[in-house]
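What follows is a single structure, written as C-alpha cells, with notes after it.
All values reported here derive from a predicted model rather than from experimental measurement. To find a chain, count down the sequence lines: A is the first, B the second, and so on, and within it residues start at 1.
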There are 2 protein chains.
Amino acid sequence: MGQEKEEYKNKANWDKFLPGLAIDCVIVGYHERELKILIMEYENTDLYALPGGFIEKDEDLDKAASKVLKERTGLKDIYLSQFHTFGRHDRSDTDAMKIVMENNDIKYDENHWLLRRFVSVGYVALVDYKAVAPTPGIMSSKCTWFDLDSIPTLIQDHREIIDEALLYLRNHVDNKLLGANLLVDTFTMKDLQKLHETILGEKLHRTGFHRKMMDSGHLKRLGKKKTGKAHRSPYLYRFVTENDMD
Amino acid sequence: MGQEKEEYKNKANWDKFLPGLAIDCVIVGYHERELKILIMEYENTDLYALPGGFIEKDEDLDKAASKVLKERTGLKDIYLSQFHTFGRHDRSDTDAMKIVMENNDIKYDENHWLLRRFVSVGYVALVDYKAVAPTPGIMSSKCTWFDLDSIPTLIQDHREIIDEALLYLRNHVDNKLLGANLLVDTFTMKDLQKLHETILGEKLHRTGFHRKMMDSGHLKRLGKKKTGKAHRSPYLYRFVTENDMD
DNA sequence: ACAAAAGTGTTCCAGGTACACCCATGA
DNA sequence: TCATGGGTGTACCTGGAACACTTTTGT
C-alpha cells in the first residue's frame with residue numbers, strides 16, 4: 001500500500017481516472033439488531049467519509065463500484081446497486097480535501113483536481129456484517145462500522161447520500177428477500193423482523209410477518225435454538241435459493 | 001444560434017463544461033393514444049440521438065437537465081426526474097461524433113473531448129405533447145416526436161436509455177397522477193386508460209380503472225363530449241390539484 | 001329497436017391485519 | 001405452575017377483479 005500511496009502523490013497518476021467524477025458507496029451491515037454503515041476516517045485528520053473511489057478511464061462505472069466494495073470489505077458478488085447521482089454545484093469540500101492532502105504529504109496547488117467540484121455516483125450495498133473485514137484504503141487510517149444513529153459528521157454531502165440510500169432501500173428492496181445478504185447464515189424470525197422494521201422504519205405485526213415470510217418460500221426452518229431464556233426457544237431459519245430445494 | 005455555433009467551434013468554449021459528463025433526456029409525450037419520444041437529428045447526417053447537453057462548471061446537475069428540457073420544448077416546471085447514470089466504458093460512439101463534427105465544420109483532433117468516453121446522467125420528463133414546440137439545438141437540424149414503436153436507430157446506447165426510462169416510469173410514477181402532465185387539459189376516461197396501459201404495458205379492466213381513478217380524488221368530471229359516434233358520448237375529465245377544489 | 005360504448009352496482013376473492021389460543025422452556 | 005415469548009388458527013376488513021346491468025347516442 002505504501003507504493004500505492006506514492007502513486008497518489010505523483011500527479012501523473014491522477015490521469016488514469018475520469019476527472020471530476022467519483023463513486024461513493026453506502027455499505028450497509030446489520031449486527032445486534034442495529035443497522036451499521038461502513039465509514040472511513042482519513043489518516044491523521046478527524047474527517048470522516050463514505051468509502052469511495054474514482055473510475056479508471058477504461059473501466060465500467062459498475063465495475064469501479066464493485067471494486068470499492070471488494071477493497072473495503074473483501075466481498076464480491078454482493079447486492080450492489082446504483083441509486084442516485086449527486087451533482088449539486090457546491091458539493092465540493094475544499095477545506096477538508098486540503099487537510100487530507102496536507103496530512104498525507106501530497107503536494108497540490110489551488111487547481112488540484114481533488115479541490116474542484118465532483119459529481120458522485122452513489123451505490124448501496126447490503127452485506128453480511130460478520131463476513132466483512134473492513135480494510136482502510138489510501139489516505140485513510142480507519143475503516144469501521146458505525147451505528148446508524150451515531151454516525152459522525154461527514155464531509156461534503158455524505159450524510160445526505162446515506163439518507164438517500166436508505167430511502168432507496170425502503171422502496172426498492174424486495175421485501176421477500178430483504179435480509180438474504182444482511183443476515184448471518186442462520187437467524188430467528190425475530191431477528192428478521194427487527195431488520196425489516198429497521199429498514200422500513202415501522203413496526204410490523206408479529207404473526208402477519210411470520211406468515212408472509214414463510215409463504216414467500218425463501219425461508220427454510222432449521223432446528224431450534226437453545227437460548228437459555230425462560231420461554232419457548234425460537235426456531236432458526238435460513239434463506240434458500242431456487243437451486244437449493246431440500 | 002449562429003453565434004452559439006461559432007462558440008462550439010472554438011475549442012476554448014468547451015472548457016466551460018465538466019469534461020466527460022453529459023445529460024440525456026428522455027422526453028415523453030402522448031398523442032392519439034401513442035407514446036412519443038422527442039428525438040434529435042444531427043445536422044447534415046442521418047444520426048439520431050436523445051436531446052442532451054453538458055453541465056457548466058458551476059451548474060447543478062438538475063439545473064442542467066431542466067435547461068435541456070426548457071430549450072428543446074419551451075417547458076419548465078415539469079415532472080423531470082433523474083433515473084440512472086450510464087457509465088459503461090465503451091459507450092462512446094467515436095465514428096458518429098466525427099461525422100457530426102465534420103458536417104458542422106468543427107475542427108477536431110483525435111483527442112477531442114467529444115470523441116472520448118462519456119458518462120451520462122439520464123433524466124425522464126413527462127410533457128404535454130400539444131404544449132411543446134420542439135426546437136432543435138446546436139449541431140442538430142431537427143427535433144421531432146417519434147412513436148415509441150418507430151424510433152430510428154440511435155447513436156451510442158440511447159435506445160437502452162429510453163428503455164430504462166420507460167421501466168423507471170412504470171415503477172415510479174404515481175398511478176394516481178399518471179397523465180397529469182402527459183395529457184391535454186381535458187380527456188376521456190378511455191384516453192386516460194389507454195395511456196396507463198401504454199406506460200404500464202398491460203391491459204387494465206375498464207370498470208375497475210374507472211372507479212380507482214375517480215376514488216383517487218384527482219379527477220373532476222366536466223360536461224359531456226359530443227363524439228358523433230353511434231353510442232353514448234363519454235364525459236370529459238380534468239386533473240385537479242389540492243388548491244383547485246371547485 | 002338495435003348496436004356500441006360509457007357509467008354504476010354487486011359479488012367474489014386474496015392479502016393483510018388483529019386477536020385468540022396453544023406450545024415450549026426455565027425459574 | 002407460572003410468566004414469557006414463539007408458533008398457528010381464525011375472523012374480519014379492504015381493494016381489486018370480474019361481471020351484470022343501466023344509460024346514452026346514432027343508425
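Checking A:S233 against B:R221, the closest nucleotide of DNA chain C that is more toward the 5' end is the one next to B:R221. If A:Y237 and B:K229 are placed on DNA chain D by their nearest nucleotide, the residue sitting closer to the 5' end is A:Y237. Position along DNA chain D of the nearest nucleotide to A:R211 versus A:P234 favours A:P234 as the more 5'-ward residue.
Atoms NE2 (B:H196) and P (D:dA17) sit 13 Å apart, rounded to a whole Å. If you measure from atom NZ of B:K194 to atom P of C:dA5, you get 11 Å, rounded to the nearest angstrom. Taking atom OH on A:Y235 and atom P on D:dG6, their separation rounds to 13 Å, with Å as the unit. Atom pair B:L236:CG and D:dT24:P shows a separation of 17 Å (rounding to whole Å applied). For B:M213 and D:dA17, the CE to P distance is 11 Å, given to the nearest whole Å. Between the CG atom of A:L219 and the C1' atom of D:dG6 there is a distance of 15 Å, rounded to whole Å. If you measure from atom NE2 of B:H210 to atom P of D:dT22, you get 17 Å, rounded to the nearest angstrom. Residue B:D215 contributes atom CG, which lies 13 Å from atom P of D:dA17 at whole-angstrom precision.
Across all strands, B:T188 comes closer than 4.0 Å to no nucleic acid atom at all (heavy-atom distances). A:T207 comes within 4.0 angstrom of a base, heavy atoms only.
A cation-pi arrangement is present between B:R221 and B:Y235 under the rule of less than 6.0 angstrom and at most 45 degrees off the ring axis.
In this structure, B:F187 has its ring center no closer than 6.0 Å to that of B:Y30.
Contact annotation: side chain of A:R206 to base of D:dG7, donor-acceptor pair present below 3.5 Å.
Between A:R88 and A:E160 there is a salt bridge, with a side-chain nitrogen of the basic residue lying less than 4.0 Å from a carboxylate oxygen of the acidic one.
Distances from the side chain of B:H231 to the nucleotides D:dT23, D:dG7, D:dT25 place D:dT25 closest. In the set C:dA5, C:dT25, D:dG6, the nucleotide with an atom closest to the side chain of B:R232 is C:dA5.
Counting heavy-atom neighbours within 6.0 Å of A:K130 NZ, excluding the residue itself, gives a total of 12 or less.
Using modelled atom types, one finds no donor on one side chain facing an acceptor on the other under 3.5 Å when comparing B:D147 with B:S150.
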